[in-house]
Each structure stands twice: as C-alpha cells, then as structure tokens.
Amino acid sequence: MKLHNTLTRQTEEFKPHEAGKVKLYTCGPTVYDYPTIGNLRSFVFDDTLRRALQVAGYEVAHVMNITDVGHLVSDEDEGEDKLEAGAGREQKSVKEISQRYAQAFFEDVKALNILAPNAYRGPHGSYAYATDFIDEQIELVNQLMGKDYAYKTASAIYFDISKLSDYGKLSGQKLSDKEVAARSEVVNDPAKRNPQDFALWFFTVGRFKNHTLRWRSPWGEGFPGWHLECSAIVHATLGEPIDIHTGGVDHIGTHHTNEIAQTEAAFGVKLANYWLHNEHLMVDGQKMSKSKRNFYTLKDVIGKGYEPMALRLLFLQSHYRTQANFTWEVLDAAKDHLQNLRAWADLKHQQKPVVGLVDIRPAKGAIFTDLNTPKALAELASHKESPSQEVLELIDKLLGLHLADRPNITSDEKELIIKREEAREQKDWTGADNYRAQLAKKGIDIKDTETGPIWSRISS
RNA sequence: GGCGCGUUGGCGGAGAAGUUACGCAGAGGUCUGCAAAACCUUUUAGACGGGUGCGAGUCCCGUACGCGCCUCCA
C-alpha cells in the first residue's frame, strides 16, 4: 500500500512498525456544536484509510479522541474555551453541551457508516475523551517540566519551542519566517519566552477565572491546553511510535507540530511514522468553517431529502488530498450515481451471479495507491455484469456504501412483476401500467430488457 | 513576508509523454405498447508564456489567478 506522508511530502510504500499491525490515531471533533459536512469529510477519509488497511490484511488499532475541554475559541468570543462558550450560549452546563454534541457526532458517524474506533474502551465507550485523561496530561506536563522543556508563568505552563532543534519539521516552515500573531485576536502573554510557545496547562486566573472545568495540578488549578490531550492519549492507549496519525491540513502547522514537540520531548521517541492530512471541503469556493458560519450539517443534507450515503459517495468521488467544492448540484449527481450503483447491486437477486466475472482488483489497487477512491469508483463503473455477494461485500469493506446488504423484494412484489408481465403479454397496457404504478409506490422501478424485467429499489 | 495546495470538457473528477478515464447532465439514432434500460453515434477539455522531446494536459522554468495555513478549525 502506498500512502502520502506529510513528513516527507512523498507518496511512500507503507511499512508498519510491527509487521501486520497498524496503530492509527485520529484527531476527533471538539464537541461544542454540530459537525459540519466538512468535518465529516475528514472522518470519511479516515474511515477509508482504516478500511483499506483492514482489507490489506492489517490488524488495525484505531483510537480517536473527543475534545471536551481546553479548545480555545477566538473571534468575538476571544480567548474563551469553545465548550464554555457553547455552554454560555445555550445556558447549559459544559458537560451537557459536550454530551449533546458528542451524541450528535456519533449519530452522524453512524449514518455515514464510519467505523467506530476499536483500540480503547473507557467510561464513554470506544472514544477517548480528553477529560478522561487529565491525570495522564498532568503527568506529561510533569515530564516536560522535569526535562526543562516547559516553564511556568503567572497564567500558564508553556512549552519552550526553542529547546527543540527540529520544531516545525512537519510544516517545513522556519520559525523565523512565521508571522507572529497572524491572527489579530491571538492573546499574547508577555511572559512567554518565544512567541510560538504554546500552553500545556492554563491556570484558572485572569480571563479564565470563571472557567468551570478545572482540575488540581502540581502547579496550580487549571485545565489542559488543547494539544496536550492527543499526546497523552496516544501515550496511554497505543504507545509510541504509532504508524499513522491523521487529521485535516489545518492541523499541520500548529496542532500536529505541537503534538510532535510534546511527545518527542517528553518521551524521546518518534510520535508517528506517517502523517496523513486531508484537504478541506469548500463551499462556494471558501473553506467551510464554523467561525465563518458558511457550513452545512448532515441535518441540512437530510432535511433537503438526501441520504447520508449520497454524501459519503460525494466525498469518495474526490481524492482526499484535493480541495473539494460542495454544491447541491454535485450532491444531486452523487445521488443519481448512488442509485445506479444500487441498481447494479440489486442485480444479484435477479441474475445468476457469475463468480469471478466482476474483477475488483483494479478498484482495490486504486485504493491501495494513496486511497484513490475516485479511480476506484471509475473502475467499478466499468462493470455492468451482475456482481456476486462476495464482490459486493468486499466493495463495502472498502467503501462502506452499503451495497451488500440490500434486501430482495418480497413475494408480493414479485407477484406484481409477474402480473405485469402477464398483462403485457395480453397487450393489456392499462393493466400493465397499473402494476408498474403499484410497484413504484413501493419504491421499485422496473426496466424491461430482452431477457425480462429488471427491478431496482429507488430508496433505501 | 513565509509554508503548502490547486487551475482539465456544462458540472464533478482521475490516470497519464504517443488510441475512450469515469460519474452526472446534453444531442441524434436503433430498439420499444409506453417509460426506462441497453446498444450505436455525437457535442463540450486541459489557465497563460516559454523550454526539453520525433511527440506534452502529462516533464522543466516562468507568469497569472484561486484556495488554505502561519497559537479557532477536519
């Protein structure tokens, strides 16, 4: 399998640290609002990677975190914690907010047939919540303090990036070339040694005086900085080095760079051998983001009458490393494409499957070449033969489109098809059209072919 | 200022130095009770300027434009 590694900027042959096994970590959502379909694209990408690795025969240990503390917002809510801001906005407790939106995330993920992480079980199921790893995060800060990579100011514990010679190796950007405070709303602590030093632990003083989520630490009461949780969770669940770390391209320069700094400074080991980053989903040519409020959610998509699977197919139609532009027109095309794939899958109930006729090795090969799902879909489209159940199951394992579990029609529905055929033989066109209308009501479309009628389910 | 990505036909979107991507949509035809399908034919490409090749969407160098990141983001 070939994968594009951000560390080397090359598409490389993937070799796991331990033969046959893959440790995979994904930065999960911050649960302060509904996920946008842009967020969901990245989780579908992640899922595609997981599925490809599994089909390739690897035993995949997958961990995903849920950020329920410490993620700072900006803009008008300057300097606040996203969770705290959400709670204030909705007059709810921070816990209520995180539970509610985590639940919304789980529903979306299920609707899109995204596999749940499988390498961790905790109080909240298979997802690793940041607040369930507070002790581990404090211990990580402790290590960094002990090794002199971190220092304390009146407002926070910071990581001193000048102690690492290769800080920024992931983004390839030199520190001296970075514009300081590129975003105007960045709050700057004058006690910081370097402008790019980032907080490991915030004290509940000053602007965070009223922060509700707080824990005792050896240095003072407070809460963890955002980057800390991923390093601590990886250390506690998978152990370094992990094979693959995934996330959006926006994380390269800061979040992932800081994760690497924390882990490699504290433990002296490489955090991850491969870094895979997905490009953003655009809407009207602009990045879809919560702060710009130009986003859609899965609820919006469903509300307009589209199935989640159509959205999944839309994501798979573009390569994960290209920016994709979302429009309703494109979703319409994906919806029709999905219907055609389903009609193809439905053939298995009607024509005698010819084993080996549908060769999906080219499609599999495309996915194994840096997850080229658009090419894989093109390879599948060349097949009009009736697919076997085995073939459909393999396609589902790779693409998760639910093509293999489509039910047969009922005997009543079969009866209607037979009656329609009888009517047609009698040249009773009114009767035949009547039966077709009845079938259409049940969501079944009929196409007459030389070898007899072929049905397909329009929905579900 | 720095780092990164991109520019392909009506829309989406791949591969790739020398014959069709593919999907969705459009046109004409065969077929057909009708509809659809199928089959045949067909329209619309490769930002711009140079360079290297017998030959370039495909490699190299520029230019332009777009997008992202540089302590909110997937």
Side-chain angles (χ1 to χ4, degrees), chain A residues 6 9 26-30 32 35-46 71-75 77-80 82 85 168 171-183 185-188 192 195-199 225-227 246-255 257-258 277-282 285-292 295 313-314 317-319 321-325 327 329-338 340-341 343 366 369 372-382 384 424 427-430 432-433 436 445-450 453-454 456:
Chain A
T6 305
R9 319 252 167 223
T26 304
C27 286
T30 300
Y32 68 107
T36 69
I37 57 174
N39 298 137
L40 296 174
R41 181 195 187 195
S42 83
F43 296 117
V44 167
F45 143 66
D46 205 71
H71 203 152
L72 303 189
V73 290
S74 63
D75 302 323
D77 303 316
E78 180 171 320
E80 251 185 300
K82 280 179 187 290
S171 70
Q173 188 174 14
K174 289 178 195 154
L175 275 179
S176 54
D177 291 335
K178 284 182 114 175
E179 197 172 335
V180 174
R183 290 170 38 236
E185 64 277 10
V186 170
V187 178
N188 230 328
K192 280 164 73 170
Q196 296 87 2
D197 286 352
F198 57 93
W226 174 44
H227 314 299
T246 63
V249 286
D250 51 324
H251 285 330
I252 296 170
T254 305
H255 183 54
T257 289
N258 291 344
H277 292 98
N278 65 286
E279 259 295 350
H280 289 300
L281 184 68
M282 318 293 281
Q286 296 282 310
K287 192 175 93 166
M288 182 179 298
S289 70
K290 284 169 184 166
S291 54
K292 279 184 191 157
F295 61 86
L313 183 57
L314 180 149
Q317 278 172 336
S318 61
H319 187 82
R321 285 194 289 116
T322 64
Q323 289 175 349
N325 197 21
T327 63
E329 193 187 357
V330 174
L331 187 55
D332 264 330
K335 178 187 169 188
D336 290 345
H337 187 183
L338 178 63
N340 291 338
L341 284 172
T369 308
N372 195 335
T373 51
K375 191 171 185 212
L377 288 167
E379 297 290 353
L380 291 180
S382 64
K384 300 298 176 196
R424 290 181 71 227
K427 297 196 189 299
D428 172 15
W429 311 127
T430 321
D433 287 349
R436 183 158 63 195
D445 184 47
I446 290 291
K447 298 176 177 94
D448 296 320
T449 72
E450 284 175 8
I454 299 273
S456 58

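In what follows, chains carry the letters A, B, and so on, assigned in the order in which the sequence lines appear, proteins first and then strands, with residues in each chain numbered from 1.
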**Asked** Is a donor on one side and an acceptor on the other found under 3.5 Å between the side chain of A/T36 and the backbone of A/N39?
**Response** yes
**Request:** Report the base-pairing partner of B/U44 (Watson-Crick or G-U wobble, both distances below 3.5 angstrom), or none.
**Result:** none
**Asked** If you look at every strand shown and take non-hydrogen atoms under 4.0 Å, does A/N372 touch a base, only sugar-phosphate, or nothing?
**Response** sugar-phosphate
**Any A/T322 side-chain nitrogen or oxygen under 4.0 Å from OP1 or OP2 of B/A14** = yes
**Message:** Applying a 4.0 Å non-hydrogen cut-off, can you work out what A/L281 is touching in the nucleic acid: base, sugar-phosphate, or nothing?
**Reply:** base
**Message:** Using a heavy-atom cut-off of 4.0 Å across all strands, would you classify A/D336 as base, sugar-phosphate, or nothing?
**Reply:** sugar-phosphate
**Asked** For B/A38, which nucleotide is its Watson-Crick or G-U wobble mate, given both distances must be under 3.5 Å?
**Response** B/U30
**Request:** Scan every strand shown for a Watson-Crick or G-U wobble partner of B/G55, both distances under 3.5 Å, and answer none if you come up empty.
**Result:** none
**Asked** With a 4.0 Å cut-off on heavy atoms, is A/Q317 in touch with a base, just the backbone sugar-phosphate, or nothing at all?
**Response** sugar-phosphate
**Request:** With heavy atoms under 4.0 Å as the rule, sort A/D448 into base, sugar-phosphate or nothing.
**Result:** base
**Message:** For a quick check of understanding: with a heavy-atom distance under 4.0 Å over all strands, which category does A/K375 fall into, base, sugar-phosphate or nothing?
**Reply:** sugar-phosphate
**Message:** Suppose we define a pair by two distances each less than 3.5 Å, Watson-Crick or G-U wobble; what does B/U20 pair with here?
**Reply:** none
**Request:** For B/C69, give its Watson-Crick or G-U wobble partner with both distances under 3.5 Å, or none.
**Result:** B/G2
**Prompt:** With the threshold set at 4.0 Å, does a side-chain nitrogen-carboxylate oxygen contact exist between A/R436 and A/D445?
**Reply:** no
**Message:** Suppose you measure atom C1' in B/G46 against the same atom in B/G15; what distance do you get, rounded to whole Å?
**Reply:** 13 Å
